[in-house]
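Below, chain A is the first sequence line, B the second, and so on; all start at residue 1. Predicted model, so just to flag it, every value in this text is computed and none were measured. Values reported hereafter were calculated over all heavy atoms of this structure, with side chains retained and with hydrogens, waters and symmetry mates removed.
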Amino acid sequence: MNEPILSIKNAVKRYGSVNALDGVNLDVAEGEFLTLLGPSGSGKTTLLSAIAGFIALDEGTLALRATDITGKPPEHRDFGMVFQGYALFPTMTVRENVGFPLKIRKRPPAEIKKRVSEALEMVQMSDFADRMPSQLSGGQQQRIALARAMSFDPQILLLDEPLSALDKKLRADLQWELKDLHQKLGVTFIYVTHDQDEALSMSDRIVILKDGAIQQEGDPNTLYDQPRNRFVADFLGKSNFLEAAVIAGNGPAYQCDSKGALFTLNTQEPCRTGETITLALRPERLRLGLPGAELVSATVKQVSYLGERCQVLVMREGGEELLISRPTWKTDIVPTPGLQVSIGWDADAPVVLAPA
Amino acid sequence: MPRVHEKVSYWMLVLPALSIMVCFYILPVLGIWEIAFTEPETGVGNFVKMAGSNAVKTSFVITFRVAAITTVGCLILGYIVAYAISNFATRLTPLMVALVILPFWVSVLIRSFSWIVLLGRSGLVNDALIHAGMIERPLRLMHNELGVLIAMIHVMLPFAVLPMLTNMRGISGIYVQAARSLGASEWTSFRQVYFPQTLPGVLSGALLVFVLSLGFFVTPALLGGGRVLMISEYITYQIQEFLNWGLGSALSVALLVATALVLLISARFVNLRATLLERK
Ligand SMILES: Nc1ncnc2c1ncn2[C@@H]1O[C@H](COP(=O)(O)OP(=O)(O)OP(=O)(O)O)[C@@H](O)[C@H]1O
Ligand SMILES: [Mg+2]
């Protein structure tokens, strides 16, 4: 990575006995779309507020382009911020809202006027300049909030669950628009969400938080294909978990035994013979076969159709439930509850998870 | 059918209070209007006399001046209190709110007498100042407009704090955060973003205090010591001392009309329904 635009070192924030941030280290690259993803209470808002300067860290430092900004007040950081509740000033018109950061910076009126119209055009809201925020729909307010946060060319744009209050369709539209804007403007985005699909579809890089600590970071593909631990595998997409004993082999191919089912595992993770490992298996990597054709025998418990895919929940003989996702067009087997089947997977499908 | 039934039970519920209001308030007020136009003889004589009287004019000026200064004083002090309570959340917040309401449990009469004990020639304040060597002879702190104002501001303060508090507690802290992230200093955020949002509360408080102050009797009478004749005390004089029912009633009518005018004019700026009826 080139020199990071923002560098967070060992950030700690405590609220009583809760560690809202528990030693976060993170470098943000210039121009990237970085997403902070995590369940409720994982510290996403706390981290974003610390970056914005609204809360002071108990420990750790923040640096912008190698200059320390740990104690700098928010108004001198020059970061645009879009809030979950939009936070448009209710006493000002749309135009005044968008022009606010420019007025504060004492730009000449002609320039303010020009840049406000540009910003409104950018979010396709030029016709609404003279309305009050209360006269706009949620999606429109969100666009204005975005225009306002961008109108002064901020160093970084911080977005705290900006789309979570909108309905599904509008959210999808705005996701495209945001991504588009990001590409057009080249500004660094730090985006908070607890919606994994949103994170996967929009981000250059995702940081997964839990209990104030980073679980894993990487581009969407890597995170999805190589989750490091059980939490990541389960939080980002769905996963099946299998316990297996390594009985032979020394990298990259091992022989494994999961309750009598013997299979080959291909992995870069070093494993020791005799150790028990936890494997994550994505539902779409599991195959459904006739009884005896695959590795594990099972009985179909439930089937749900989701349009282009269907999900089959099976109960493994003497063991756990497994979820399989398969294209609906596959009709070699028509799964119905009670049907005897067998389940298989490729040698490189399982991911070895770090011990909990 | 159920609609008719609903209407009947609505009126049944309203009736007791309404009849008390009609018997003991509306009818007497109408009586006063009648007296104003009929005593000692039918016509507008009382009003002509009133308009020509310098004493009445002075009394009206004092009344409006005291009400105005009380309002401004209450707004400034009340704004600070309401701001502190709603913006610095601590475990003490409920206690602070209780302290604002607490004075309502003590009669105005007692609160006004307490001010006499404090502000009198040899009251606690003067005694303390003399003992501390800061003054040689007692200050005149009461039986003048200063004393009336001090006590009035104290009595009226909760009426200013409560509407402002309600208003401010409804303002999310995220607006000021947003303003600061956009480059505004703490002070600029307050002035340009927070303060405009509190104006409805400020206007409600102002209206409430001003209107109540216009007709207030006990506190000005006690602390003014007869030297600060506000209109309500002037009316009492006319009726009790001079048995001048006609002029007294005419003054009451004038005060009522003046108050109504204040309400009417302010209705253009303030949402009266929200101010007077629907306070949460
Ligand atoms: N002002 C505060 N006082 C006390 N505890 C707080 C405060 N703010 C946050 N916390 C705690 O810190 C932890 C992290 O909170 P944070 O708001 O960062 O979570 P989040 O990831 O943004 O969650 P969500 O998705 O629900 O918005 C939580 O356990 C929360 O209860
Ligand atoms: Mg949050």
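- Of the N and O atoms on the side chains of A/Y191 and A/E198, at least one donor lies less than 3.5 Å from an acceptor on the other residue.
- For the set A/M81, A/M92, A/R148, the count of heavy-atom pairs under 4.5 angstrom toward chain B peaks at A/R148.
- Looking only at atom types and distance, the side chain of B/Y194 has a donor-acceptor partner in the side chain of B/N87 under 3.5 Å away.
- With 3.5 Å as the limit, one finds no donor-acceptor pair spanning the side chains of B/Y83 and B/T198.
- Both the backbone and the side chain of B/S185 come within less than 4.5 Å of a heavy atom of chain A.
- Between B/F210 and B/A68, the shortest heavy-atom contact is CE1-N, 3.6 Å.
- Contacts between B/Q192 and chain A at a heavy-atom distance below 4.5 Å involve backbone atoms as well as side-chain atoms.
- Contact of A/L158 with chain B is not made at all, since no heavy-atom distance falls under 4.5 Å.
- Rounding to the nearest 0.5 Å places CD1 of A/I51 at 13.0 Å from OG of B/S181.
- Heavy-atom pairs under 4.5 Å with chain B were tallied for A/K103, A/R77, A/H76; the largest tally goes to A/K103.
- Ranked by heavy-atom pairs under 4.5 Å with chain B, the first of A/F152, A/F79, A/F100 is A/F100.
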